Novice: 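Quick one: the structure is below, questions incoming.
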Amino acid sequence: TDLAHIRNFSIVAHIDHGKSTLADRLIQETGTVKDRDMKEQLLDSMDIERERGITIKANTVRIDYTADNGEQYVLNLIDTPGHVDFAYEVSRSMRAVEGSLLVVDSTQGVEAQTLANVYQAIEADHDIVPVLNKIDLPASDCDRVAEQIEDVIGIDASEAIQVSAKTGQGIHETLESIITHLPAPQGNLDAPLKAMLVDSWYDAYLGVIVLVRIMDGTLKKGMRVKFMSNNTLHHVDRVGVFRPEMEMVDSLGPGEIGFLTASIKQVRDTRVGDTITNDRNGTEVALDGFKPAQPVVFCGLFPVDSSEFEDLRDAIDKLALNDASFSFEMETSAALGFGFRCGFLGLLHLEVIRDRIEREYDIELITTAPSVIYHVYMKDGEMIELHNPADMPDPSKVDHIEEPRIKATILVPDEYLGDVLKLCQDRRGIQQDLTYAGSRAMVVYDLPLNEIVFDFYDRLKSVTKGYASFDYQMTGYTEDALVKMSVLVNDEPVDALSTMVHRDRAEMRGRAMCEKLKDLIPRHMFKIPIQAAIGGKVIARETLSALRKDVTAKCYGGDATRKRKLLDKQKAGKKKMRQFGKVDIPQEAFISALKMD
Ligand code: GTP
């Protein structure tokens, strides 16, 4: 296809504003998928999505469209992940296209992820077509939302298209607008191959599938290519496009988007943002801005049943093959035995991986407190990256500690603003900006990442009854008065419960944690002191009183089977616990104890 007849775009939207429904409509309207296959199609993609969990990153489709001017166009839609954890991947896929549809639910208005995603599009120099969706609903208010787009985002919304992705109204106008308002790609057919590695995933039949955008030159089946980040060579066995099912083609030229396979075994060998070129006489300059996604949140994963350690190792190995942003190394804990210290892009990423291990591999896990990476500067000048509070060096040798901070943007209806400000203030936030868009306030806070990795989002949702939206980006490291707080149960330190806290909050946190643990740990036949300490100094203490509990006592004279059943039940209950010295601590305690109410 010649460049003038190609349009490449993505759809940016806040979650639930109708991105997927609109994409499905565009596909259906252009006959890319026949009406009678549509339902099946939708279900299929949902299944794949479910199967691949949240790791699904880009859903791409090539659409043929005959415009009102009679000309035939190829439209390539790249879908981008909507969640903050995957911001880096969003920014990469944005660089593979020239324009965006900005979808805003006309019954709701601009939200935090609308902003975060549209800023990425603006940064990637996109032309943007605003689309007001859900106009079939009575609460739809296009004038208000168009005005809000102009006020808050600062782009012209006077020609915003009014759409119902549900009824199909406005879909034709949207397609025409893509042709007339978005630019054609540029590229040089005669130059050496220069292709961007946009995404990759594992397919059981074809091996790793690599999604590419061709910048210059031609990608052909049978050629040898080089991945420039690590200089590896690959023989291209297949080249194709998504319609949305795979269709093989002989070659892809400048401006086109498609995929290649090259007998690559691991997703780890392909890096999002990499440049692909010819093995010889390739392009001299790689595409700029390549950097691998870095994990920012770390936690320990340990099997509840220590005999399942090898199974856990297998599960983690398999998951890591397909997820280059998930890192892990073996860890031993005095209390928990053998496990893994794992790194994630964010909390959602952590939860997804943990759930998959529990569900797909049937291994019950103890998850230790999530931690960010601290920079610990030693008196001798060395800097240690601390991923695990348990590894905190002797404080007398530490000069100072720096922690990562974020810029958080929160949009919230006016009536909940007070609660949101209080929440941010409680989390050591520094307010940077407060503006209004209609009856909604937009607040920008500078916050320590460690104050939000835990339960910030849950708290935000609960204090605003779900009406707030939230997005963040990392800004850098700053020094603060941070200390390691240890927890002792029955005088034994439980390293999986140690956390880094701000000195001023340590006592409050310590007290809250001891109280929580007192409720979470079942009573034993002896009394159990629960303490929080900094260095050797105890800052909070609770005592769990003793209990004599004989579950079979009430089966006095009863039959043997009933008695055995009860004992089995007790054993099953025990399985979810781990023993620390003489004390059983339930699995939930490790996470629940750290939640702040
Ligand atoms: P995520 O996939 O969760 O990011 O959401 P999304 O932005 O892709 O939204 P999705 O397409 O899943 O739509 C969210 C909900 O809004 C679904 O229940 C849709 O059926 C509904 N929806 C989407 N477009 C319209 C519309 O034009 N009118 C009405 N009434 N509902 C719509």
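Quick caveat: nothing in here was measured; it's all calculated off a predicted structure. Atoms within a ligand are numbered from 1 in the order they appear, just like the ligands themselves.
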Novice: Number the atoms of ligand 1 from 1 as they appear, then name those within less than 4.0 Å of a heavy atom of His17, with their elements.
Specialist: 7 (O)
Novice: Which of the atoms in ligand 1, numbered in the order shown and given with their element, are less than 4.0 Å from a heavy-atom of Gly18?
Specialist: 6 (P), 7 (O), 9 (O), 10 (P), 11 (O), 13 (O), 23 (C)
Novice: Going by the atom numbers of ligand 1, which of them fall below 4.0 Å from some non-hydrogen atom of His14?
Specialist: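 Those atoms are 7 (O).
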Novice: Quick one: does ligand 1 sit under 4.0 Å from the side chain of Thr21, the backbone, both or neither, non-hydrogen atoms only?
Specialist: both
Novice: Out of Lys134, Lys19, Lys166, who gets a non-hydrogen atom closest to atom 22 (N) of ligand 1?
Specialist: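 Nearest option to atom 22 (N) of ligand 1, by heavy atoms: Lys134.
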Novice: Ignoring hydrogens and geometry beyond distance, is a side-chain donor-acceptor pair present between Asn76 and Asn8 at under 3.5 Å?
Specialist: yes
Novice: Do Leu137 and ligand 1 have an N or O pair less than 3.5 Å apart?
Specialist: no
Novice: Taking atom types as modelled, is there a side-chain donor on Gln169 or Ser164 under 3.5 Å from an acceptor on the other?
Specialist: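 Result is no, nothing qualifies.
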Novice: Could you work out, for atom 8 (O) of ligand 1, the closest of Ser140, Ala13, Ser20 by heavy-atom distance?
Specialist: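 Selected option, by shortest heavy-atom distance: Ser20.
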Novice: Indicate whether the side chain of Asp68 and that of His172 have a donor and an acceptor atom separated by less than 3.5 Å.
Specialist: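 A donor-acceptor contact under 3.5 Å links the two side chains.
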Novice: Taking N or O atoms only and a 3.5 Å limit, does Leu22 qualify as a polar contact for ligand 1?
Specialist: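 No; the residue has no nitrogen or oxygen that sits under 3.5 Å from a nitrogen or oxygen of the ligand.
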Novice: Any Lys/Arg nitrogen of Lys318 or Glu360 sitting under 4.0 Å from an Asp/Glu carboxylate oxygen of the other?
Specialist: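 Here Lys318 does not pair with Glu360 in a salt bridge, since their nearest N and O are not under 4.0 Å apart.
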Novice: Is it true that Asp433 and Tyr445 share a donor-acceptor pair across their side chains at a distance under 3.5 Å?
Specialist: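 Short answer, no.
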Novice: Determine whether the side chains of His5 and Gln72 contain a donor N or O and an acceptor N or O closer than 3.5 Å.
Specialist: no
